[in-house]
Amino acid sequence: MNKTYTPNEFETAIYNKWLEKNYFSAEPNKEKKPFCIIMPPPNVTGQLHIGHALGDTIQDAIIRYKRMKGFETLWIPGTDHASIATEVKIIEVLRDEGITKEELGREGFLKRAFEWKDKYGGKIVEQIKTLGCSCDWDRLAFTMDEERSRSVKQVFINLYKKGLIFKGNRIINWCPECHTAISDAEVEYVEDPSHLWHIAYPVTDSNEKIIVATTRPETILGDTAVAVHPSDKRYKHLVGKTVDLPLTDRKIPIIADSYVEKDFGTGAVKITPAHDPNDFNVGKRHDLPLIKIMDESGILNENAGIYNGLDRDEARKQIVKDLSDRGFLVKTEDYNHNVGHCYRCHTVIEPMVSEQWFVKMDELVKPAIDAVKKRDITFIPKRFEKQYLHWMENTQDWCISRQLWWGHRIPVFYCDDCGETIATVENKAFCPKCGKPMRQDEDVLDTWFSSALWPFSTMGWPEKTPDLEYFYPTSVLVTAYDIIGFWVSRMIFSGLNYTGKKPFSDVLIHGIVRDAHGKKMSKSSGNGVDPLEVIRTVGADTLRFSLVNGIAMGGDIKYSEEKQEGYRNFMNKIWNAARFVLGNCDGAEIIPIEKVKKTLADKWILAQLNSTVVKVTKYMDKYEIGLASAELYEFVWNIFCDWYIEFSKTSLYSDDLNKRNSTISVLLYVLRETLKLLHPIIPFITAEIYNELPNKDAEDIMISPYPTAKRNFVSNVTIKKIRLITDTIRSIRNMRAELNVPQSKRTEIYIKPNDGVEDTVKAGINYIEKLASGNGVHIVDKAPQGNMNLLVTEIGEIYIPMDQLIDFEKERERLNKEMEKVDAEIERAQSLLSKESFVSKAPALLIQKEREKLQKYTDMKKLLTQKLEMLK
RNA sequence: GGAGGCAUAGCCCAGUUGGUUAGAGCGCUUGCUUGACAUGCAAGAGGUCAUAGGUUCAAGUCCUAUUGUCUCCACCA
């Protein structure tokens, strides 16, 4: 093995070997239980970012664990066409060439788009590979490939035929930059400091004025009513009259509607049905006309009179000025409110009336709510269930049409001649009724429409494929909480309604990766960590480990360079532990672990390993990867390296060949099993070391059997015994450090064991000598003569000759400090035990323990007092 | 406005069904070329567990309120 840990030298080679050996591919296999995950598809032209790295690490850890556990394990990878995001990017590229998409035309544009996708798409696939993900690449899917398109069309047509998809003129969110409708879920609300303008509308043929408050004065040109609350006394007499709409020559009615809040603003609201969702509803109730005053780019149109041609921002300024000049503007208040922005380009959304396709949700939503309520689908952690249900229960009809070209074109054909409209999988050039040419709907579908089908479209639905039969429903979906509404909920209702089965059993929700200060990572704030850069410098294993170690599911993660460095050190630790073990193997005979004649330390490490296996397995089964990895970190570093490897040196460097063989056999066994436990989380380093092992139990670690708990390794007695020994060693080291005894100074050690631990002391004598800088350890039955330092420990009294080490002052200080601690403990126990209420109500076992403790500390106090007397 | 999360060492976080002296890691201090590792070893300092009440023999842990903070949903002009 290389002297230093250099992940760059082996990670790629190992991954390629895995690919070559076909370890990632899965086939329906009746002999085994299936376990399947579908990967949330990243944007096909995107770059791997830290969020993907987190999700993919979690998924890969689960997949590798299940694979080693003997499941037929399938992880389907794929990419998403990401309609708006990609189209925006391509338009940018075209702009640099000085072309618009309109100039290219639909066909030309799509040709370019596909070329672009072929060139840059798939880069992210290579990036996912560097992370070590064990996906079945033969099944790589793309949301817009042929198979997936078939699924999309089929679903559309089914829903259309059931009347669950319809075309309607409704108010939708329009992005004037992307030139398309977007769904409610795609609108982001951002607080924006603005004003509340109070405008006086003169009541027709009267001196009265009605004052309305608005944040959007420019929409005054589209007003078709003024609304007040029906019970508002201030305005009751005006209902039914009209006002003269300022800046126009129109008269609009004053209506009463309970939508109006009496206490907000002036209690009177201008109603602009064509440009506000609430006003749209009011307009519907009162049969108000719609006046659309803006075009698709947010430029005021011919309905805006003299303002025709102004952009909506300019129009606002101009209109406020004109209102003010003509005396209509009564007051301008500062006002912060939330404004909807496009989640892709962050342009302010314009609510507009337009003809779009919608999915009727009420019917689809019901089974999706039930499945979660009945726990047929479980959210982990559970609290996200609430978020999901809330989203589901409040969902509106889903606007699925987009005025874009990059996407699934709506499979609806119109005959302009006879008016026939059909939805069909096959492209229809001519009308089946009259034979005239047909025209396909121009719009494409919302990206999420195809993502919603991902769990079964990736398996070939609507065909009844063997995959679908065997792997569907999938086992667990892993994703971040920010797309529960966008994606998770839509997959659930889609799966249940179209396949009749839930798409997955568990939904594992993880958090978002933040920077060291807890800020969201983003390109604009420049605080993003590039996972590829991290992999290049410290390796994929370090990145993976720093993303998942210690995390709680659903919680956000703070990523910092220090963390990364710490875990790189951990990899180095593993590497060196392996080097130590392998470096001592030469010429040794490897004995099967059951047959090894075990020392106390051997039994102890096997018991510790066993309890680690139990805990890690329990955690992995619950998808608690963060806890599993923390457990392993502790085991590798603080148990195996800090203690067992040190213990092992006493027999490894002895002349007894049998001892040597036994010890190296235990070392190799523990190392191998530990590597396997670690493998799902840090696949590369574990595979690299495993390949060097003389005791491999499989061709490759990733297909080796996962460690199982072994009953005959369990030994609580051994664990207790070693704890006494390590505590003893620690106490001696502690004393030496406090007395400033130099490391090189070795001393004799006398131990007067407490009753019942004589054997333990005997068994640990070599360890104590080696690890506590001893030079001969003697077991005695009374305090030895001469100047001695005293340690009162659980194992007994320990005496160390002072000789040259004497520093009476320091030793007194040390003993006094001990005394303080002991006194505090005695007082605590006494006060507890003297309370009648405690003694009568607390469990007997606890009282017993407290009594024992009191006794122990009282004994210690006695000894310490004696010793202090002597020092005077 | 509604819902949920979080608040523990200088920093980042663990802390099981309430029950010994509240734990790691990073950082800090001190001492170490210990026959794998200075990306290391050993020892140490550092905490009124956000605040105020309550339940209990016993509260970091359960309940209530308050404060701070983050997220999601709604979008009242």
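Keep in mind that what you see is a predicted model, and the values were worked out from it rather than measured.
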Give every pair of a protein N or O atom and an N or O atom of nucleotides 57-60 of chain B that lie under 3.5 Å apart, one pair per line with the distance.
residue: B:C57; atom: OP1; partner: A:Lys841; partner atom: NZ; Å: 2.3
residue: B:C57; atom: O4'; partner: A:Ser837; partner atom: O; Å: 3.4

For A:Val260, report the nucleic acid contact type (base, sugar-phosphate, nothing); a contact means any heavy atom under 4.0 Å. base
Taking only nitrogen or oxygen atoms into account, show me every contact under 3.5 Å that the protein makes with nucleotides 42-49 of chain B, one pair per line with its distance.
residue: B:G44; atom: OP1; partner: A:Asn734; partner atom: ND2; Å: 2.7

Between the main-chain N or O of A:Met392 and the side-chain N or O of A:Thr395, is there a donor-acceptor pair closer than 3.5 Å? no
By side chain to side chain contact (heavy atoms under 4.5 Å, CB included), which residues pair with A:Asn281, not counting sequence neighbours? A:Arg285
For A:Val581 and for A:Tyr857, locate the closest nucleotide of RNA chain B by heavy-atom distance; then report the residue assigned to the nucleotide nearer the 5' terminus. A:Tyr857
Can you say whether the rings of A:Tyr481 and A:Phe384 are parallel (under 30°), tilted (30 to 60°) or perpendicular (over 60°)? parallel
Give A:Lys770 one of three labels, base, sugar-phosphate or nothing, depending on what nucleic acid heavy atoms sit under 4.0 Å from its own. nothing
What orientation do A:Phe640 and A:Phe635 show, parallel under 30°, tilted 30 to 60°, or perpendicular over 60°? parallel
With the side chain of A:Arg568 defined as its heavy atoms from C-beta on, choose the nearest nucleotide among B:C70, B:C37, B:U39. B:U39
What is the distance from OH of A:Tyr388 to C1' of B:G5, rounded to the nearest Å? 21 Å
Of the nucleotides B:G40, B:A36, B:G5, which one has an atom closest to the side chain of A:Phe580? B:A36
Give a yes or no answer on whether the side chain of A:Asn734 reaches the backbone of A:Arg730 with a donor-acceptor pair at less than 3.5 Å. no
For A:Tyr644, all residues meeting side-chain hydrogen bond (donor to acceptor under 3.5 Å, both in side chains), sequence neighbours excluded: A:Asp602
Could you work out which one of B:U39, B:G4, B:C26 sits closest to the side chain of A:Glu562? B:C26
Counting a pair only when it is Watson-Crick or G-U and both distances are under 3.5 Å, which runs of at least 3 such pairs involve RNA chain B? B:1-7 with B:67-73, B:28-32 with B:40-44, B:50-54 with B:62-66
Starting the side chain at C-beta, find the nucleotide from B:A77, B:A74, B:A36 nearest to A:Asn338. B:A74
Nearest-nucleotide wise, let me know which of A:Asp279 and A:Tyr5 is further upstream toward the 5' end of RNA chain B. A:Tyr5
Work out how far the P atom of B:U30 is from that of B:U17, and round it to whole angstrom. 42 Å
Parallel under 30°, tilted from 30 to 60°, perpendicular over 60°: which one fits the rings of A:Phe264 and A:Tyr335? perpendicular
Looking across every strand, which nucleic acid part, if any, lies under 4.0 Å from A:Glu565 by heavy atom: base, sugar-phosphate, or nothing? nothing
Considering every strand and a 4.0 Å limit on heavy-atom distances, what is the contact class for A:Phe640: base, sugar-phosphate, or nothing? nothing
Euclidean distance for C1', B:G4 against B:A77 (whole angstrom): 29 Å
Between protein and nucleotides 12-18 of chain B, what N or O pairs are separated by less than 3.5 Å?
residue: B:C13; atom: OP1; partner: A:Lys558; partner atom: NZ; Å: 3.4

Applying a 4.0 Å non-hydrogen cut-off, can you work out what A:Arg851 is touching in the nucleic acid: base, sugar-phosphate, or nothing? nothing
Using the P atoms only, state how far B:A50 lies from B:A22, rounded to an integer number of Å. 15 Å
Could you tell me the separation between the CD atom of A:Glu561 and the C1' atom of B:G25, rounded to a whole number of Å? 17 Å
Taking B:U67 as the reference, what is the distance to B:G53 when you measure between their C1' atoms (whole Å, please)? 15 Å
Scan A:Gln387 against the nucleic acid and name what it touches under 4.0 Å (heavy atoms): base, sugar-phosphate only, or nothing. sugar-phosphate
If you look at every strand shown and take non-hydrogen atoms under 4.0 Å, does A:Trp637 touch a base, only sugar-phosphate, or nothing? sugar-phosphate
